Protein chains: 2
Amino acid sequence: MQNDCRKCPFKTKATSMLSECSLDQLSTNHLELKLKKGDSIIKQGTYSTNVVFLRTGLAKIHIAGPYSEQIVKMVNAPSYLGLPTTFGSKINQYSVTAVSDAEVCFIDLEVFQTILDENKEFNREIIQEFCKNELESFHRCANRTQKLIRGNMADALLDFADKIFKSDTYLLPFSQTEFANLVDTSRESVSRVLAEFDKDGIIKVTGRQIEILNKKSLILVSQNG
Amino acid sequence: MQNDCRKCPFKTKATSMLSECSLDQLSTNHLELKLKKGDSIIKQGTYSTNVVFLRTGLAKIHIAGPYSEQIVKMVNAPSYLGLPTTFGSKINQYSVTAVSDAEVCFIDLEVFQTILDENKEFNREIIQEFCKNELESFHRCANRTQKLIRGNMADALLDFADKIFKSDTYLLPFSQTEFANLVDTSRESVSRVLAEFDKDGIIKVTGRQIEILNKKSLILVSQNG
DNA sequence: TATGCAATGTGATGCATATCACAAAATATA
DNA sequence: TATATTTTGTGATATGCATCACATTGCATA
């Protein structure tokens with residue numbers, strides 16, 4: 001299925017800077033797909049020839065670590081996915097999986113490269129993205145390795161509220177096992193800490209429903225463990 | 001001090017793709033400096049208006065984590081430094097420090113941007129760099145958080161041999177305290193593990209001199225702890 | 001050569017958290 | 001509705017490593 005990209009309401013800041021001409025080129029060179037929760041978008045170890053545009057929905061980037069799968073980060077639409085793995089290596093170095101129902105557009109790498117070449121502003125925005133991601137990466141890694149579990153879990157809960165769902169009440173998009181992969185812990189610890197936070201009145205947990213009751217406390221925990 | 005960049009023998013792959021014109025522009029818009037071991041190149045928290053080209057020498061990228069300083073990665077010349085922090089944020093989000101004597105060129109951000117805009121090949125190479133760095137970041141983070149100390153130390157020792165010094169005998173460029181910051185451990189653990197590896201005949205440690213005696217074993221340790 | 005400070009070696013102790021082993025819910029499937 | 005399967009809760013135990021405390025060595029500076 002192909003759409004007119006000019007009329008697509010889901011543009012990133014970068015995409016909105018494209019020339020009409022490039023948008024047309026995009027329109028005729030992409031494949032649009034509707035995905036369901038759990039569907040694989042990019043699979044580590046397979047060949048990569050496409051850049052993916054996440055039009056709607058929520059996805060997780062995950063990578064096979066030496067011992068277990070690790071969720072590197074959560075990404076919500078609109079956003080480009082797989083740039084590093086597609087540009088940087090012929091074989092995908094990580095996986096991306098839909099965590100909610102989602103719509104994606106597969107864009108041929110060559111086409112994307114051409115568009116990158118021909119649109120300075122777009123190019124600049126994409127580079128900005130890379131820079132921000134790398135900085136985020138550094139910080140995330142430093143936090144993960146230095147903070148204790150409570151701190152990391154608080155971080156994750158705050159991230160969901162502020163960056164992903166933009167609300168202090170939300171439904172965790174996955175199981176505690178996956179949460180553990182995101183925060184580098186064991187499933188059991190996730191369960192325990194969630195219960196602790198609930199008991200302390202910082203959050204209210206109802207199944208996978210999270211309600212942040214005391215954001216200040218949560219931020220404190222994020223900072224001090 | 002200014003040099004003719006056209007004649008500079010220390011070019012990255014990207015830089016070698018620049019037009020004569022851009023190289024001239026670079027020549028008249030950069031400041032070359034000789035640095036000594038320990039000198040700061042980029043300082044976290046200060047304003048950033050320059051991209052830095054590491055012409056010769058070895059540098060460490062480090063970041064203030066929530067509790068302690070963490071060495072994110074080691075970089076050797078020739079290489080651009082500070083792109084993410086300069087493009088992605090007005091304030092430096094990490095520090096870079098010379099670990100050996102080094103020569104660097106400070107390039108004005110605007111000039112660098114212009115050159116990026118006007119040289120497709122250069123631009124592509126820089127983007128490739130970003131991609132590779134991000135992938136590396138992912139892997140490094142997964143390794144660091146999942147592997148035990150022996151594994152991480154083995155990794156670091158191998159990295160020095162293969163990527164930094166290109167020799168199985170080398171002088172560690174810093175103290176055990178700094179080594180600990182690179183591998184996310186305590187100074188004491190670095191000392192102990194180094195002694196263990198030595199005792200097991202995997203490496204020979206003489207002060208800061210490292211000699212890898214049994215690379216296969218070291219790789220095994222890196223994989224299995 | 002003497003003196004001081006930084007870097008290293010090494011044991012003892014404590015703690016955070018993984019792991020194991022289940023039980024109990026919740027959810028999916030027949 | 002019954003049955004299987006996944007997800008979650010929770011105690012007991014084990015362990016890798018940080019931390020502390022100090023001895024020792026190496027290196028710099030007077």
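Please read all numbers here as calculations on a predicted model, not as lab measurements. A note on names: the letters A, B, ... follow the listed sequences, proteins ahead of strands, and every chain is numbered from 1. Atom set for the values below is all heavy atoms of this structure, side chains included, hydrogens, waters and symmetry mates excluded.
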Q: How bent is the helix from C:dT1-D:dA30 to C:dA30-D:dT1, measuring the angle between the end axes built from five pairs each, rounded to 10°?
A: 50°
Q: Starting at CZ of A:Phe179 and ending at C1' of C:dT17, how long is that distance when rounded to a whole Å?
A: 17 Å
Q: Between B:Phe130 and A:Phe130, what is the ring plane arrangement, given parallel below 30°, perpendicular above 60°, and tilted in between?
A: parallel
Q: Report the C-alpha distance between B:Arg144 and B:Asp184 in whole Å, list the side-chain angles of each, state the deciding distance to 0.1 Å, and finish with yes or no for salt bridge (Lys or Arg N to Asp or Glu O under 4.0 Å).
A: CA-CA 7 Å; B:Arg144 272 201 189 164; B:Asp184 277 307; 3.4 Å; yes
Q: Within this structure, what is the OH-to-P distance between B:Tyr67 and C:dA16, rounded to whole angstrom?
A: 12 Å
Q: Measure the acute angle between the ring planes of B:Phe53 and B:Tyr80, then classify it against the limits of 30° and 60° as parallel, tilted or perpendicular.
A: tilted
Q: Are B:Leu109 and B:Phe87 close enough, and set up right, to give a side-chain contact (heavy atoms from CB on, under 4.5 Å), and what steps lead you there?
A: CA-CA 8 Å; B:Leu109 174 59; B:Phe87 274 108; 3.9 Å; yes
Q: Under the rule for side-chain contact (heavy atoms from CB on, under 4.5 Å), what residues qualify as partners of B:Ala98, not counting sequence neighbours?
A: B:Ile41, B:Ala102
Q: Please identify which of these residues, B:His139, B:Arg140, B:Lys132, meets the side-chain hydrogen bond (donor to acceptor under 3.5 Å, both in side chains) condition with B:Glu136.
A: B:Arg140
Q: What is the separation between atom CG on B:Asn181 and atom C1' on D:dA18, rounded to the nearest whole Å?
A: 14 Å
Q: State whether B:Lys215 and B:Asp168 are salt-bridged, where the test is any N-O pair (Lys NZ or Arg NE/NH1/NH2 against Asp/Glu carboxylate O) under 4.0 Å.
A: yes
Q: When you check every protein heavy atom under 4.0 Å of nucleotides 8-17 of chain D, what one-letter string (B, S, -) results, 5' to 3'?
A: BBBBB---SS
Q: Taking NZ from B:Lys199 and P from C:dG9, how many angstroms apart are they, rounded to a whole number?
A: 15 Å
Q: Would you mind reading off the distance between B:Lys37 atom NZ and D:dC27 atom C1', rounded to a whole angstrom?
A: 13 Å
